[in-house]
Every structure is written in structure tokens, then in C-alpha cells.
Amino acid sequence: MGELRVNCLEYEDREWLLVWDNRKSKRGGGRLEVTADTAKTIKDWLKVRENIDLPTGSEGFLFPPAGEDGAKRHLTPGQIAVIIRKWTDAVPVLLTEEIGEDGERIPFDKQLVYPYAFRHSYAQRHADGGVPIDVLRDLMDHRSIQTTQGYYKISQKRKRQAVNVMRLRTLDRRGKAAPMASATAYEARSVAVPFGNCIDPSNVKAGGKACPLRFQCAACPSYRPDPSYLPAIEDHIRSLKADKEMALMMEADDFVVRNLDDQIAAFKGTAATMRHLMEGMDPEERDEVEKAATVLRKVRAAQGGGGVSLPMPSFPKRHEGNGA
Ligand code: SF4
């Protein structure tokens, strides 16, 4: 269970951070990046809170428990569940993003809205976005990576279906279609490197750890990117740009900067090709490819590779062991 104090908001490097204590695991001072909207909602609530009569003992907490003078210091998950149930009961209908056979959005089962489900949704959204499992473990403040892996469960069937969709959209480094003959070929004749698949035999054999070109994939004949790698490619372009800035600052020799410029240009070309490929698809196909890309990013993230980097939260102390 997490606790939030009244001073739970921090602003650092133009980012809002939520400072929270993990009571269950007895760790305090965790920091989680939140959106400006969330920060504003908290600030608005703090203004409202200034004008309410606080129960004894709850002065330092963000959410005081109404009518619980001295008995509880802040709202508990059970009380929040009751509030959420009242809210969902008052809403006539909640709609999902899915469209039914009648062309209307499918209603969402209101029984599935409860506090712990928010934690699952948070994990699911990050996993779908390809956030590596070790980053998500820290975001969730899990001690063990096995606990986080529980959020990444993808059936072999879904993975196979996704591979079958994506293997037909594989390109070579020049943007020419290079479909893999089968799902087995996609998985066995290639290996996932950070920004796309690689078919270099020795690198495949070494599980992606024997690249002779230092992962300058956009210039390599063995490179086989597909649209599921687009976020990773964009992330890599940002990181190359940061490397270039650093090289300039250090007054490195021209050839270092030239090489980084060339890599940035080549990866930009790969990203543009992927976007072009997606834009050229009809909506149904694009939807199918996007869903397959989500599944594959999640699989790769669970395996500890690929994906986008998110800022890391920090806790003063981490103990080893199991548990959420
Ligand atoms: S540079 Fe070539 S050999 Fe190396 S990982 Fe990338 S595609 Fe494979």
C-alpha cells in the first residue's frame, strides 16, 4: 500500500514527480514521474483540502479519511474502493475503445473498476509500450523481477500470431520488402537487436551479442527492421543526437561527429520508411500491424531487450527478495 503526504509533488528538470512511500515494503521516498495534468489535479485538491476540517492525525496526508477522527490517518484502499464503486454506479455506462459488430463501442464491465485494477492498467500500458521489464519493476517498486513478469504474460498463441503478421512486413536496410518465409524463420534465422532484427549468422548464433559493426544497423546488409521497432529506432536517434552533442562539447575529432551524423541520417531514413509503410496500409491492416507490434514489444521487453527508456524512479534503499 502506498502513502501520499501533502508535500508529495516535486518539480525537477521540468518534470513533475510524485513522492510516495511504499508502506507494504517499508520503503519511503519513491519518485514517480507524473503528467502536468495529474500535478494540477493534486494542486487543485490541496486548495480544496485547505478549507476542510481535517480528522485528527491526518494533517500530513494528502487524502484524509472522512469521519475517521484519530482511527485512520488517511483513506485506505477499502474506502477508496467504496468511493469508486459509488462513482461507477452513478455513471450510466462506461465504454471501451473496442467496436462491436453493430458498429458501436462495447460497454465496459463496471465491476472491473477497482483500485488494484489501476495498478494492473498502469503496468499493462507501460508493458504495451515496450518499457523494459527492469524499468517497470522499479516503476512498480517490486523487489523481484518475477513479480513484474506476472504483468507481461503473453500466450504463445498471441506471440505466434503477432510474429506471423510482422514477418511479412520486414524490410531490409534500404526499405525493400524482405519478408521472412515463416514464423519459425522470423524467430530462428534472426535475432532481436535493439532496433530491429539481424540475420547475421554469427550474431544470431551468439544471441545478438556478437555484432561486428557495433550496432550501426542502419548501414548493415543484415539489418531487418519492421514497424514494431519504430519506437526503439526513434529512441536510438535521440540517443545518437545526445552523443553528438557530447562529442562536440568534448571537441572530439571530426570523424567521430561525422560518423554520428551519418548514423542519425541513416536511422532517420529507416524510421521514415517504417512510418511510410504504416501510412500506406488500409485502416484494418494498420490496426492489425499495430496490435502485433504491441505484443512483440511486450515480449521483447519481458526478455529484457528493446523498448523505450523511461526516467527511472529512485528509492533510497532496495532489498533483494520476493514480493510486491
Ligand atoms: S550492425 Fe548488422 S550485424 Fe550488427 S546487429 Fe546490426 S544488423 Fe546485425
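Counting convention: from 1, in listed order, for ligands and their atoms alike.
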Show, in sequence, the C-alpha distance, side-chain angles and deciding distance for T148 and H142, and conclude whether the side chain to side chain donor-acceptor pair (under 3.5 Å) test is met. CA-CA 7 Å; T148 316; H142 289 152; 2.8 Å; yes
With a cut-off of 4.0 Å, which atoms of ligand 1 are near a heavy atom of Y223? 7 (S)
Of the non-hydrogen atoms in R286 and E279, which two are nearest, and what is the gap between them? NH2-O, 3.6 Å
Donor-acceptor check, side chain of K110 to backbone of R85, threshold 3.5 angstrom: yes or no? no
Where do Q216 and N259 land on the side chain to side chain donor-acceptor pair (under 3.5 Å) test, with the steps shown first? CA-CA 10 Å; Q216 299 181 70; N259 175 276; 3.1 Å; yes
Is there an N/O/S atom in C211 at a distance below 2.8 Å from atom 4 (Fe) of ligand 1? yes
Consider side chain to side chain contact (heavy atoms under 4.5 Å, CB included). Of R275, K268, M274, which one does E234 pass it with? R275
Of the options V191, N197, V193, which is the one that meets R224 in a side chain to side chain contact (heavy atoms under 4.5 Å, CB included)? N197
Atom indices of ligand 1, in the order listed, that fall short of 4.0 Å to a heavy atom of L213: 1 (S)
Tell me which one of R297, M166, R300 satisfies side chain to side chain contact (heavy atoms under 4.5 Å, CB included) with Y229. R300
Contact flag C220/atom 2 (Fe) of ligand 1, N/O/S atoms, threshold under 2.8 Å: yes
Within 4.0 Å of some non-hydrogen atom of D200, the atoms of ligand 1 are 3 (S)
Interfacing atoms of ligand 1 (cut-off 4.0 Å, heavy-atom, V193): 5 (S)
I'd like the name of whichever of C217, A218, A210 reaches closest to atom 6 (Fe) of ligand 1 through any heavy atom. C217
Using heavy atoms and a 4.0 Å limit, tell me yes or no: is A219 in contact with ligand 1? no
Run the numbers for me: atoms of ligand 1, each under 4.0 Å from some heavy atom of N203, listed by number. 5 (S), 8 (Fe)
With a cut-off of 4.0 Å, which atoms of ligand 1 are near a heavy atom of C198? 3 (S), 5 (S), 7 (S), 8 (Fe)
Atoms in ligand 1 flagged as close to P212, the criterion being non-hydrogen separation under 4.0 Å: 3 (S)
